[in-house]
Amino acid sequence: MVSHELKTPLTSLGAIIQVANLKLKNSEDKFLSGAMQKGALQIKRMTNMINGFLNISRLESGKIHIDKQEFDLCELILEAIEETQLIFGSHEIHFDGCPLIRLNADRDKIESVISNFISNAIKYSPKAKDVYVMCKTEDQKVVVSVKDEGMGIEPGDLERIFDRYYRVESNHTRHISGFGIGLYLSSEIIERHGGKVWAESQSGIGSVFHFSLPLDTGDA
């Protein structure tokens, strides 16, 4: 109920900023134009956060819906990278493409998983500047991986990283925002598609987050 109430004023604010953006499109005041664009991105981040809580509520009540459609995975990854790059301009995201793969899955939810992996890689590698997205097929599965060169995760945290509301607490992470719901939701989404999520990490070196999906997801 609270999440729905929060979305109402946020939607109105987003509409106001969208109109302001259109009026400022040809403005010579670059500060105002840039401020409106940044405001729109922050609203998107807040909306994603609220949607995360709504999805947890739906998961717990058994009401989350998987809306499957056929789509090109490489195209989806490129869209997720482009959108994340707009929000986080501090890192370069590298992607060499992947084989031609058409999945039958919930496009929006799979994109949210990819975006979550990439944004986490950026947030948890503040001193590094590169994030790598990889995609391959093996044993009738597609595997998508996101690698960073950041702070890494201790073994004790790694085994709980996909738990609901779990956050790594350390001197390095205390200033990083989040509620510990992104990875939990990602794991639930992938598992409901018949897939699997896992992570590898070395403290001080970096982490790699993976998810796999069966290539016959239409029957999952």
Side-chain angles (χ1 to χ4, degrees), residues 1-25 27 29-61 63-67 76-91 93 106-126 131 133 146 148 150-151 161-169 172-190 192 197 209 211:
M1 183 180 68
V2 171
S3 294
H4 278 295
E5 290 297 322
L6 285 170
K7 286 185 78 173
T8 301
L10 205 59
T11 301
S12 298
L13 183 57
I16 292 168
I17 286 183
Q18 190 175 22
V19 172
N21 252 330
L22 289 172
K23 289 183 176 293
L24 290 167
K25 191 173 183 180
S27 173
D29 191 330
K30 299 302 179 185
F31 172 80
L32 275 179
S33 179
M36 289 299 103
Q37 290 176 7
K38 289 176 182 177
L41 288 174
Q42 293 303 323
I43 286 175
K44 185 170 182 60
R45 291 179 69 183
M46 180 64 78
T47 302
N48 289 339
M49 192 183 302
I50 292 170
N51 285 337
F53 285 116
L54 279 170
N55 282 329
I56 282 183
S57 177
R58 289 170 183 146
L59 275 171
E60 291 174 341
S61 62
K63 293 179 180 178
I64 195 164
H65 180 62
I66 302 296
D67 183 19
L76 182 69
I77 292 173
L78 287 170
E79 286 179 17
I81 289 172
E82 183 179 359
E83 186 171 302
T84 309
Q85 196 81 76
L86 286 173
I87 299 172
F88 301 97
S90 57
H91 289 61
I93 303 170
D106 191 315
R107 194 181 194 279
D108 290 341
K109 289 184 175 61
I110 298 302
E111 183 178 14
S112 74
V113 173
I114 298 168
S115 296
N116 180 256
F117 279 16
I118 298 173
S119 61
N120 276 352
I122 292 171
K123 287 195 294 183
Y124 288 92
S125 55
V131 170
V133 182
V146 177
D148 66 62
M151 59 188 71
I161 200 72
F162 293 102
D163 291 355
R164 184 179 56 174
Y165 300 131
Y166 187 78
R167 272 178 52 82
V168 176
E169 298 293 344
H172 301 295
T173 62
R174 65 177 58 176
H175 300 300
I176 297 175
S177 63
F179 292 94
I181 62 173
L183 289 176
Y184 167 70
L185 280 172
S186 295
S187 67
E188 288 287 335
I189 288 168
I190 296 301
R192 285 167 192 259
V197 295
F209 281 78
F211 74 80

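Sequence positions, counted from 1, serve as the residue numbers for this chain. Basis for what follows: all heavy atoms, side chains included, without hydrogens, waters or symmetry-related copies.
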- Message: For Gln18, I'd like to know if atom CD has over 12 heavy atoms of other residues, nucleotides or ligands within 6.0 Å.
- Response: no
- Message: Measuring from atom CG of Asn21 to atom CD1 of Ile17, what distance do you get when rounded to the nearest 0.5 angstrom?
- Response: 7.5 Å
- Message: Please verify the inter-ring angle class for Phe162 with Phe117; under 30° counts as parallel, over 60° as perpendicular, anything in between as tilted.
- Response: tilted
- Query: Looking at NE2 of His91 and OG of Ser125, how far apart are the two atoms once the value is rounded to the nearest 0.5 Å?
  - Reply: 3.5 Å
- Asp67 side chain to Asp106 backbone, donor-acceptor under 3.5 Å: no
- Distance from Lys123 atom NZ to Asn116 atom CG, nearest 0.5 Å? 7.5 Å
- Item | Heavy-atom side-chain proximity of Leu185 to Ser112 below 4.5 angstrom | no
- Item | Flag side-chain contact, heavy atom, 4.5 Å: Ile190 against Ile110 | yes
- Message: Nearest 0.5 Å, please: how far is CG in Leu76 from CD1 in Ile81?
- Response: 10.0 Å
- Task: Starting at OG of Ser119, measure out to CD of Gln85 and round the result to the nearest 0.5 Å.
- Result: 12.5 Å
- Query: Can you find a heavy atom in the side chain of Ile93 that is under 4.5 Å from one in the side chain of Ile122?
  - Reply: yes
- Within a strict 4.5 Å, meaning less than it, do heavy atoms of the Met46 and Ile43 side chains meet? no
- Task: Enter the distance from Ile161:CD1 to Leu183:CG here, rounded to the nearest 0.5 Å.
- Result: 6.0 Å
- Note on the structure: Correct closest heavy-atom pair for Val146 and Ala121 would be CG1-CB, 3.9 Å
- Task: Answer whether the closest heavy-atom distance between the side chains of Ile189 and Phe211 falls below 4.5 Å.
- Result: no
